[in-house]
Amino acid sequence: MTTAEPITDRRTALLDAAVAEIARHGARGLRVEHVAKAASVSVALIYHYFGDRATLLQKALEHVGTRAERYTTPARGSTGRATLMFRLLDEIQEAPEVRTNSAAWGELRDAAIFDETLRPTLAVLTGRWVDTIAALIRTAHQDGSIPASVPPMEVAIRLTALVEGISGRWLTGLLGAEEARAHLVAAIDALLADPHELGQ
């Protein structure tokens, strides 16, 4: 085992604790001492790894994106359309990790309204998500499961925004998980319809 592995593991544990604190108390309510307590480390160690609270928030936002890759698997589905549907529906699951991650993402996204330092990282992660969805739409064009007339980037922007909105209602208890997923399926089907058949 190299010396880099324990450091990486410790850093990941600190970021996991930060994400959990953000999900519970919001980005503006994040206190470094609370993260330290949750991770059973000293406040000084957190400053050693991240320098300041602003950097900790940025790294936590990046970590949310990394964690999402663990529970969203783009390889499932017999067609490109099915794979896309699974990928989007994976964002709403009752698993604690998914709820925590989704709540932290929403908190950090909303914090970026006031905290401009979060915006570049948010833009990169959102762009990466949109690009992933657009690529899945292009794959579905190739197997014919999504009409070629569906524009990948435009629809990917709409789909990711739709998931964020419905996810927010799910997290606040306005929609149950199954109800939220059913609304997602209906909306995704509408957005993936051939625009020419809809008279556009």
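All figures in this text were calculated on a predicted structure; none of them were measured in a lab.
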Cluster check L45, V35: I/L/V/M/F/W/Y, side chain < 4.5 angstrom: yes
side-chain hydrogen bond (donor to acceptor under 3.5 Å, both in side chains) evaluation trace for D9 with T12: CA-CA 5 Å; D9 291 345; T12 298; 5.5 Å; no
Salt-bridge present (R158, E154; N to O < 4.0 Å): yes
Atom CZ of R53 with >12 non-hydrogen neighbours under 6.0 angstrom: yes
Check against side chain to side chain contact (heavy atoms under 4.5 Å, CB included), E91 and V98: CA-CA 7 Å; E91 297 290 345; V98 178; 5.9 Å; no
Side chain proximity check, R11 to K59, heavy atoms < 4.5 angstrom: yes
Closest approach of A60 to L15 (non-hydrogen atoms, all atoms of both residues): N-CD2, 3.8 Å
same_hphob_cluster(V19, V43) at 4.5 Å side-chain heavy-atom cutoff: yes
Donor-acceptor under 3.5 Å (R181 side chain, I92 main chain): yes
Student check: side-chain heavy atoms of I46 and E33 closer than 4.5 Å: no
Sub-4.5 Å side-chain heavy-atom contact between E107 and L30: no
I157 backbone acceptor or donor facing T160 side chain under 3.5 Å: yes
4.5 Å side-chain heavy-atom contact, T117 and L57: no
Donor-acceptor contact present, side-chain R109 to main-chain A104, <3.5 Å: no
Shortest non-hydrogen separation from D143 to S145 and the atoms involved: OD1-OG, 2.5 Å
Mutual orientation of the aromatic rings belonging to W105 and W129 [parallel < 30°, tilted 30-60°, perpendicular > 60°]: perpendicular
Verdict with reasoning, D189 to M85, per side chain to side chain contact (heavy atoms under 4.5 Å, CB included): CA-CA 9 Å; D189 283 341; M85 190 72 79; 3.5 Å; yes
In one Ile/Leu/Val/Met/Phe/Trp/Tyr side-chain cluster, 4.5 Å: L88, L175: yes
Test: R138 and D131 ion pair at under 4.0 Å: no
Check: R67 and T100 side chains under 4.5 Å, non-hydrogen atoms: yes
Donor-acceptor pair, side chain of Q93 and main chain of D90, under 3.5 angstrom: yes
Shortest non-hydrogen contact from I137 toward A156: CD1-N, 4.1 Å
Side-chain donor or acceptor of E62 paired with backbone N/O of T121 under 3.5 Å: no
Heavy-atom pair with the smallest gap, counting every atom of N101 and V64: ND2-O, 2.9 Å
Evaluation steps, salt bridge (charged side-chain N to carboxylate O under 4.0 Å, His left out), between R28 and D115: CA-CA 9 Å; R28 297 177 82 179; D115 184 350; over 6 Å; no
Co-membership, hydrophobic cluster, residues L174 and L162, 4.5 Å side-chain: no
Minimum side-chain heavy-atom gap W170-E179 below 4.5 Å: no
Smallest separation among heavy atoms of L191 and V150, with atom names: O-CG1, 4.1 Å
Same apolar cluster (I L V M F W Y, side chains within < 4.5 Å links), V155/I166: yes
Considering all heavy atoms, the nearest A112-L122 contact: CB-CD2, 3.8 Å
